[in-house]
There are 2 protein chains.
Amino acid sequence: MPKLDKMKQDYSIRELAEEFDVTTRTLRFYEEKGLLNPSRSGQTRVYNIADRTRLKLILRGKRLGLSLDESAEIILMYDPIGTNSNQILSLIDKIQDKRLQLEQKKKDLELTLLDLEAAEQRCSESLSKIH
Amino acid sequence: MPKLDKMKQDYSIRELAEEFDVTTRTLRFYEEKGLLNPSRSGQTRVYNIADRTRLKLILRGKRLGLSLDESAEIILMYDPIGTNSNQILSLIDKIQDKRLQLEQKKKDLELTLLDLEAAEQRCSESLSKIH
DNA sequence: TTAGAGGTTGACGTTAACGTTAACGTAATC
DNA sequence: GATTACGTTAACGTTAACGTCAACCTCTAA
């Protein structure tokens, strides 16, 4: 009886690259740096849903201005690696650190958005003066 | 009668560098790239309060993961350069574009924060299970 | 069987954002 | 007048994150 698993999905390197609008070189590069670990069919890379998710997180990190190393660090935080109390406690510390950093980033972002809003406002006023 | 102006403040390159925790090389580099334009006393650079503000904005941009060019672009949006309607309209467009980009960035940021929160939660639960 | 579309591993090239060193000028201080 | 502290320009070095070849495999369709 064949095991039918609708959820199981594999992707070629090209499929994944096109979906996320990156090059295959990028995917190989991420693998070199230890950010992705696709399995192999012969020589050929085979990506599964978990790899896809990791890639998504990496690219989200990039959009936030995180380095690949930083994204890798954060992704590691999502996985329950440590098994003893000390490891978990140290992980909690690291998570809180990152959260603070990102909160700071969020504040900077909001300030910039406010500045842009004000600038747009001034533009509109200039326009209405010109009539 | 000497003009006493308490607000007028000048800074040496070192003062500014130390205040913002960057190197003097960085300030000279920003000038090369057209991001700063300090006046000169002889050969020596003299920064005023406006230069300081621009630097602050550049560094804020960096923390957001913006490139220097992007920051320069944004800073230009703060100044009312265009004087005719078309220029102003085009500026408003650009401002709105940037705002959308930054809003997207903010969403990504918030997602990441949620993920980290969840991760921390799981850690805490692991801990309480260990007891 | 050959042409084409996919994959692979090197390995060198490129850009941004500075770091680093050299070689020099100047002003105060010991 | 030599050292020290600060400034200058010029130029080469460095790192991250890929781009861009080249040279090669492998399967399938014409």
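Proteins come first, then strands; the chains are lettered A, B, ... in the order of their sequence lines, and each starts at number 1. Only heavy atoms go into these numbers, but all of them, side chains included; no hydrogens, no water, no symmetry mates.
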- prompt: Quick one: is A:Lys62 getting a side-chain N or O under 4.0 Å of the D:dA17 phosphate, OP1 or OP2?
  reply: no

- line: Here the distance between atom C1' of D:dA17 and atom CG of A:Leu36, to the nearest Å, is 14 Å

task: Using the side-chain contact (heavy atoms from CB on, under 4.5 Å) rule, take A:Asp51 and A:Tyr30 through it: C-alpha gap first, then chi angles, then the decisive distance, then the call.
output: CA-CA 11 Å; A:Asp51 296 316; A:Tyr30 290 170; over 6 Å; no

message: What is the distance, to the nearest angstrom, from the CZ atom on B:Arg25 to the P atom on C:dC18?
response: 9 Å

field: Check: C:dT8 base within 3.5 Å donor-acceptor of A:Arg28 side chain
entry: no

query: Starting at OH of B:Tyr47 and ending at C1' of D:dG7, how long is that distance when rounded to a whole Å?
result: 11 Å

message: What contact category does B:Thr23 fall into here, base, sugar-phosphate, or nothing, at under 4.0 angstrom with non-hydrogen atoms?
response: sugar-phosphate

statement: Of B:Gln43 and B:Ser67, the one whose nearest nucleotide on DNA chain C sits closer to the 5' end is B:Ser67

query: Do the side-chain N and O atoms of B:Gln104 and B:Asp108 include a donor-acceptor pair separated by under 3.5 angstrom?
result: yes

- prompt: Starting at CG of A:Leu27 and ending at P of D:dG19, how long is that distance when rounded to a whole Å?
  reply: 10 Å

query: OP1 or OP2 of D:dC18 less than 4.0 angstrom from a side-chain nitrogen or oxygen of A:Lys33, does that happen here?
result: no

message: Using a 4.0 Å heavy-atom cut-off, does A:Arg14 contact any base of the nucleic acid, only the sugar-phosphate backbone, or nothing at all?
response: sugar-phosphate

statement: Closest to the side chain of B:Phe29, out of C:dG6, D:dT8, C:dC18, is C:dC18

task: Measure the distance from CG on B:Asp69 to C1' on C:dA17 and round it to the nearest whole Å.
output: 11 Å

query: Tell me: CD of B:Glu31 to C1' of D:dG7, nearest whole Å?
result: 13 Å

- prompt: Under 4.5 Å between any side-chain heavy atoms of A:Gln101 and A:Lys98, yes or no?
  reply: yes

task: Please determine, for the side chain of A:Ile13, which listed nucleotide (C:dT8, D:dC18, C:dT20) has the closest atom?
output: C:dT8

query: Does the side chain of B:Thr26 get closer than 4.0 angstrom to OP1 or OP2 of C:dG19 through an N or O atom?
result: yes

message: Any side-chain to backbone donor/acceptor pair from B:Arg14 onto B:Thr24? Under 3.5 Å, distance only.
response: no

task: May I ask you to evaluate whether A:Ser12 reaches the phosphate of C:dG7, defined as a side-chain N or O under 4.0 Å from OP1 or OP2?
output: yes

- line: B:Leu64 and B:Lys105 have their tightest heavy-atom pair at O-NZ, 3.1 Å

message: Distance check needed: D:dA16 P versus A:Glu70 CD, whole Å only.
response: 12 Å

- prompt: Is any side-chain N or O of A:Tyr30 closer than 4.0 Å to OP1 or OP2 of D:dA17?
  reply: no

- request: Check the distance between C:dG7's P and A:Asp10's CG and give it to me in whole angstrom.
  value: 14 Å

